[in-house]
Amino acid sequence: MDKEKLQPEAPLDEHSKQEQLSTFCIGHDGEKLTTNQGVNVSHTDDSLKAGVRGPTLMEDFHFREKMTHFDHERIPERVVHARGSGAHGYFQVYEPMADYTKAKFLQDPSVKTPVFVRFSTVVGSRGSADTVRDVRGFATKFYTEDGNYDLVANNIPIFFIQDAIKFPDIVHAIKPEPHNEIPQASAAHDTFWDFVVNTPEIAHMIMWLLSDRAVPRSFRMMEGFGVNTFRFVNEQGKARFIKLHWKPLLGVHSLAWDESQKLAGKDPDFHRRDLWDAINKGDYPEYELGVQMIEEEDEFNFDFDILDPTKFWPEEIVPVKLIGKMTLNRNVENFFAETEQVAFHAGHVVPGIDFSNDPLLQGRLFSYLDTQLIRLGGPNFHEIPINRPLASVNNNQRDGYHRMTIDRGVVSYSPNSLRDNAPEPDTENGYVHYTEKVDGQKVRQRSKRFNDHYSQATLFWNSMSGAEKQHIIEAFHFEVGGVMDKQIRQRVVDMFNNVDGELAVQIAAGIGANAPAEPGGSGVTASSPAVSQANTIMETRTRKVAVLMENGFNYPEVTQVISLLQNAGVHTEVISKNLGMLTSVDGQQLEVNKNYVSAGSIMYDAVYITGGRQSVDTLMTHGDALHFINEGFKHAKTIGATNEGVDLLAISDIQATTFLAAPESQAQLVSEMGVVTIRNAADMGYFTEEFIKGIAMHRHWSRQKEPVPA
Ligand code: HDE
């Protein structure tokens with residue numbers, strides 16, 4: 001009898017998926033051009049014609065094939081999360097998790113389980129900009145020895161709605177309006193806010209969506225949240241409710257809203273490029289996997305329903321246990337083959353991970369498979385290389401569009417005797433659904449325990465720093481400012497008065513609406529410090545500094561600063577009016593990385609102006625250099641200048657609101673809200689140390705930036 005396996009079983013390691021993928025890779029180097037039938041082609045620049053000016057002939061099979069293939073090159077983009085960026089890596093658990101789950105990839109700290117991650121925006125089309133205000137997707141496929149496990153997460157821990165049946169409605173409301181397909185990748189329009197004011201359960205998610213979380217600095221600097229409640233089940237069959245989280249080692253950081261809008265024009269691929277470049281440089285993004293666990297018997301011991309996806313479990317109440325780390329260390333070979341064709345599914349689980357009755361999750365379980373059938377053209381998408389498990393696949397499923405496997409033998413049914421009943425169910429290690437007791441009437445209703453829509457929205461608001469609150473208010477002004485219907489605008493104010501009275505007053509002021517008649521609020525006074533980005537990890541590693549200079553710069557000065565920055569893991573780029581080489585006072589040369597036309601302060605975390613009389617005198621005549629400084633200051637970035645470089649800050653608009661080192665000061669460092677200057681100094685050590693501290697703080701939101709134009 002035929003007992004061959006479809007895939008050989010080999011010990012799984014970090015490289016297993018790469019090895020499997022490489023069997024499908026083709027380079028074409030040094031090869032002759034052929035048709036898809038392998039026939040060599042002699043000429044591809046002219047079609048076959050009847051006479052040099054005559055009509056093209058149907059007989060030209062090369063032309064027909066080339067054109068037909070081209071005509072069919074596109075597949076439907078994802079209905080949501082269309083724009084994405086992928087990367088490979090591996091995951092390692094810190095210690096065996098057997099007490100909680102039997103999932104094999106969570107047992108052995110020496111095993112590196114291969115993973116593929118796809119980050120995405122939700123609303124925009126495939127070609128939309130990366131930096132728009134939106135939720136970010138953070139989907140991870142673990143190729144485990146027990147089969148594929150997908151953790152299909154977002155960078156916000158809760159969701160817009162409580163029941164998946166509302167998903168088509170919310171997506172229709174937020175997508176561009178159907179009559180004119182405006183606006184692209186934006187919630188700032190009538191249909192979305194019309195849906196909002198008619199859907200109280202959305203209030204909490206709107207608070208997160210209008211917060212800094214929705215404009216991340218980098219995919220490398222955002223959290224991931226599985227959102228839905230799942231279960232861990234151990235070998236003894238004991239289950240616990242869980243929520244899974246990714247925690248970036250670089251902390252959680254965001255762009256300024258003005259910056260993200262400008263980046264959408266200057267570099268629409270900002271996040272994609274950032275991820276790609278970081279991996280190429282060896283700055284591998286790392287995230288710890290965290291789990292929150294609730295015992296089954298504690299299911300009803302919280303003042304929120306643990307199955308309600310519009311609620312998070314505050315870390316202060318349910319601590320996050322960090323159980324492993326993921327490292328992304330390899331870019332894709334081919335975007336379409338990997339990032340576009342990867343198919344995630346919230347229902348791809350392995351033994352040890354199980355579902356809950358969260359009504360949003362239940363609906364997701366249907367949607368993901370269904371959407372892949374249309375997007376990837378049939379039921380065999382699991383055979384596409386990026387989707388193939390490393391565990392062997394054996395079953396009696398057959399045929400269908402694009403079937404790759406050649407199933408041997410005559411048996412494709414069970415039970416059978418012709419093949420000893422193979423492939424046979426694995427009664428020992430096969431997946432067994434958790435035996436949860438379910439009892440109820442068939443009803444189209446929602447639990448009353450899901451009815452509190454404002455308490456956690458207030459909790460979130462209470463947890464924000466002053467700057468974060470200000471950003472939320474400004475985001476309301478922008479988003480609701482884009483709504484034409486004045487009634488809807490007024491209803492937004494009234495709705496968010498349920499969250500916080502002062503918030504509602506502030507929203508009203510910016511959108512031409514009336515402040516609420518009655519002071520509002522939900523009565524919640526508690527906060528959850530863990531959700532504020534003011535309390536995140538502050539890091540310098542992988543940050544980017546723009547160094548502004550021209551001919552006649554001070555070589556020892558700038559090279560000392562650059563090398564000290566590099567030691568702290570900070571990258572630098574030299575920006576000047578023109579590309580090419582710049583010559584220092586003492587005849588040394590440095591290459592320019594970008595000119596003002598191709599770069600902008602928005603692409604960097606900090607700006608540094610180095611000394612050298614001639615260099616700074618030239619910079620002082622460049623409006624672009626002054627704009628660079630004003631804009632960087634406005635976006636609360638760290639700004640540093642040494643020696644003559646301080647003169648440039650002194651004629652920029654920032655001098656009105658900040659202290660700078662005075663011309664006569666002798667090597668005295670002045671550091672104020674992220675503006676770091678020193679004059680008459682030869683050693684840059686002290687300056688750079690302070691400059692690095694400023695960069696580590698990410699942004700200096702509390703500085704006085706209102707009067708500075710940019
Ligand atoms: Fe998704 N979601 N979703 N979603 N989702 C899709 O599947 C859906 C939800 C998430 O990079 C679709 O392959 C329903 C929550 C990510 O390929 C679709 C509901 C969370 C991605 C779908 C939700 C997510 C998707 C579209 C219940 C965070 C991108 C294309 C209301 C935990 C995966 C596709 C990738 C993609 C349905 C809610 C995350 C249509 C019905 C909650 C990261 O199947």
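Note that ligands are numbered from 1 as they come in the structure, with each ligand's atoms numbered from 1 the same way. These figures come from a predicted structure and were not determined experimentally. When a residue number appears, it is its place in the shown sequence, counting from 1.
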Per-atom contacts of ligand 1 with G226, taking only distances under 4.0 Å to non-hydrogen atoms:
32 (C)
On the 0 to 90° scale, with breaks at 30° and 60°, tag the W257-F478 ring pair as parallel, tilted or perpendicular.
perpendicular
Taking V227's backbone N and O only, do any of them form a donor-acceptor pair with K243's side chain (distance below 3.5 Å, no angle check)?
yes
The protein heavy atom nearest to atom 35 (C) of ligand 1 is R118 NH1, 3.2 Å
Provide, to 0.1 Å, the distance between atom 38 (C) of ligand 1 and the closest protein heavy atom, together with that atom's residue and name.
F159 CZ, 3.5 Å
When you measure from the heavy atoms of Q372 to every atom of ligand 1, does any distance fall below 4.0 Å?
yes
Taking atom 1 (Fe) of ligand 1 as the center, what protein N, O or S atoms are found at less than 2.8 Å?
Y368 OH
To which protein heavy atom is atom 33 (C) of ligand 1 closest, and what is the distance rounded to 0.1 Å?
F344 CD1, 3.9 Å
Test item, G84 contacting ligand 1 (heavy atom, 4.0 angstrom)
no
Examine ligand 1 and decide if any of its atoms is less than 4.0 Å from a heavy atom belonging to F366.
no
Just jot down the ring-ring contact (aromatic ring centres under 6.0 Å, His included) partners of F116, sequence neighbours excluded, or say none.
H88
Just to verify, which of D130, V132, T131 counts as forming a side-chain contact (heavy atoms from CB on, under 4.5 Å) with D134?
V132
Going by the angle between their ring planes, with limits at 30° and 60°, are F219 and H271 parallel, tilted or perpendicular?
tilted
Would you mind checking which non-hydrogen protein atom is closest to atom 43 (C) of ligand 1, with the distance to 0.1 Å?
A153 O, 3.1 Å
Quick one: does any side-chain atom of E177 pair with a main-chain N or O of T191 as donor and acceptor, under 3.5 Å?
yes
Crowding at CZ, F335 (>12 non-hydrogen neighbours, <6.0 Å)
yes
Could you label the plane-to-plane angle of the W246 and F142 rings as parallel, tilted or perpendicular, counting under 30° as parallel and over 60° as perpendicular?
parallel
Could you check atom 34 (C) of ligand 1 against the protein and tell me its nearest heavy-atom contact, residue, atom and distance included?
T371 CG2, 3.4 Å
Considering the heavy atoms of F138, write down every atom of ligand 1 situated less than 4.0 Å from one of them.
43 (C)
Quick test: of every protein heavy atom, which one is nearest to atom 17 (O) of ligand 1, and how far off is it to 0.1 Å?
R78 NE, 2.7 Å
Under 6.0 Å between the ring centres of F160 and F195?
no
Cut-off 3.5 Å, side chains only: do Y431 and D354 have a donor facing an acceptor?
yes
Can a salt bridge be assigned to the pair K141 and D150 using a cut-off of 4.0 Å between side-chain N and carboxylate O?
yes
